[in-house]
Protein chains: 2
Amino acid sequence: MRSSSGPVSAELIEQEAVRLFGERTYPVVGMRDIGDAVGLLPGSLYVHISSKEELLLRIVERGIQNYLDAITPVVESGEPAAARLRGAISAHMSVLAATVEQTRVAVHQWTYLSSENQKQVAAMRNRYEELFDRILREGIASGDFRAMPHPRVAVLSTIGMLNSVTEWYSPDGSLTAADIGEALADNALVGLQQP
Amino acid sequence: MRSSSGPVSAELIEQEAVRLFGERTYPVVGMRDIGDAVGLLPGSLYVHISSKEELLLRIVERGIQNYLDAITPVVESGEPAAARLRGAISAHMSVLAATVEQTRVAVHQWTYLSSENQKQVAAMRNRYEELFDRILREGIASGDFRAMPHPRVAVLSTIGMLNSVTEWYSPDGSLTAADIGEALADNALVGLQQP
DNA sequence: CCTACCGATCGGTAGG
DNA sequence: CCTACCGATCGGTAGG
């Protein structure tokens, strides 16, 4: 519910949709909820946006792009693999802290898109996955990382671990994004066991 | 769509609901879809079940209980922490392999329950979390695991990593649940870095 | 940007 | 377990 101040724009609608989808998920948020949030009747939203699904698509794509933008330079930095993994995790946590709700939407709710739109998103998800895949493969090739029977599991579980932070991270919590990133990087690199 | 053979029971309805909720999520699966799956008209489902939400609640609770049953004895086995973590991960993967779809529902879709029902589920989720918390704290206390500034992050990220396997595991894939469990346990215990 | 409304679909029920 | 239907809500549109 907006108290009648300022113009409504596609950006404002997206912003409120991020919040609502993040809290309650796409299928259970109605155009009437979004309308209430920006102070418009449901039908009037279509002056600014073309459909509910288009709204979701934009949110998901931008949500993933934020991560690509932040992590790609780290991967291409030429530093040793361990430093790059640490840097990638740190960059991931920075983006997460800045876009928790959008990340929640991007990570899981692309499944509500039509199959054509899912293809667009899948391409971006693959690019994200390849970033971690590169660090890991190059790290194993250089001997910085240990050889392992199933490096794919390491890639997917590292990403899964990072994305799972979305489910419990809170900007108001006692753990900062940097704290969490450091702890995650330590665990990923040296493990839990006493060396 | 069932081809008119055998009696319909609450169990059959639950079984088909697990599959449908797992594939498409609770809010976008209608009672008409479930009816089609078991060969009943939507209204007739209410002979066997009391409500759609009750159906979800049972699926989620049983889904979590499967994990509690499998992992609790491992945690209480009295073995060293590293062996128990390995055993807990292995047990987790066994349950996952046997109940992929139910796990998908249990992990994320409890959010669609009413707040009273969410409380029931939260209690079970906490019990699950405490299992890993115990292994980790006892491992640190005994010196089997390294001291770390934020053990909570290790607990939550380990669980997050395990639950994320749900999103890419396939019984038809080349990686068995045991393969994945071993790789995860190695990564969690000794990390990626060359020692 | 609102008024007024569309057809479709939702979970669930009464009465048999 | 079906027939027949309930009120509510859905995303979206025509016409102004």
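So that the names make sense, note that chain A is the first sequence line, chain B the second, and so on, each numbered from 1.
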Legend entry - Short side-chain donor-acceptor distance under 3.5 Å, A/H92 and A/Y128: yes
Legend entry - Option among A/E76, A/E138, A/E79 that satisfies the side-chain hydrogen bond (donor to acceptor under 3.5 Å, both in side chains) test with A/R84: A/E138
Legend entry - Matching residue for B/I71 among B/N66, B/L131, B/I135 - test: side chain to side chain contact (heavy atoms under 4.5 Å, CB included): B/L131
Inset, instruction - Give the rounded distance in Å between these two atoms: CG of A/L40 and P of D/dT13. - result: 16 Å
Legend entry - Donor-acceptor pair, side chain of B/S90 and main chain of B/R86, under 3.5 angstrom: no
Are any protein N/O atoms closer than 3.5 Å to N/O atoms in nucleotides 9-11 of chain C? If there are, list each pair with its distance.
| unit_1 | atom_1 | unit_2 | atom_2 | d |
| --- | --- | --- | --- | --- |
| C/dG11 | OP1 | B/V29 | O | 3.4 |
| C/dG11 | OP1 | B/K52 | NZ | 2.8 |
| C/dG11 | OP2 | B/M31 | N | 2.9 |
| C/dG11 | N7 | B/R32 | NH1 | 2.9 |
| C/dG11 | N7 | B/R32 | NH2 | 3.4 |
| C/dG11 | O6 | B/R32 | NH2 | 3.0 |

Inset, instruction - Check whether the side chains of A/E53 and A/N117 place a donor and an acceptor atom closer than 3.5 Å, and report yes or no. - result: yes
Legend entry - Donor-acceptor under 3.5 Å (A/K52 side chain, A/G30 main chain): no
Inset, instruction - Starting at atom CD of A/E53, determine the distance to atom C1' of D/dG12, rounded to an integer number of angstrom. - result: 14 Å
Inset, instruction - Take the protein atom CG of B/L41 and the nucleotide atom C1' of C/dT13, then report the distance between them rounded to whole Å. - result: 14 Å
Inset, instruction - For the residue pair A/Y67 and A/T103, confirm or rule out a side-chain donor-acceptor distance under 3.5 Å. - result: yes
Inset, instruction - Could you list the residues that satisfy ring-ring contact (aromatic ring centres under 6.0 Å, His included) with B/Y112, not counting sequence neighbours? - result: none
Legend entry - Under the 3.5 Å Watson-Crick or G-U criterion, the dot-bracket string of DNA chain C, with | for inter-strand pairs: ||||||||||||||||
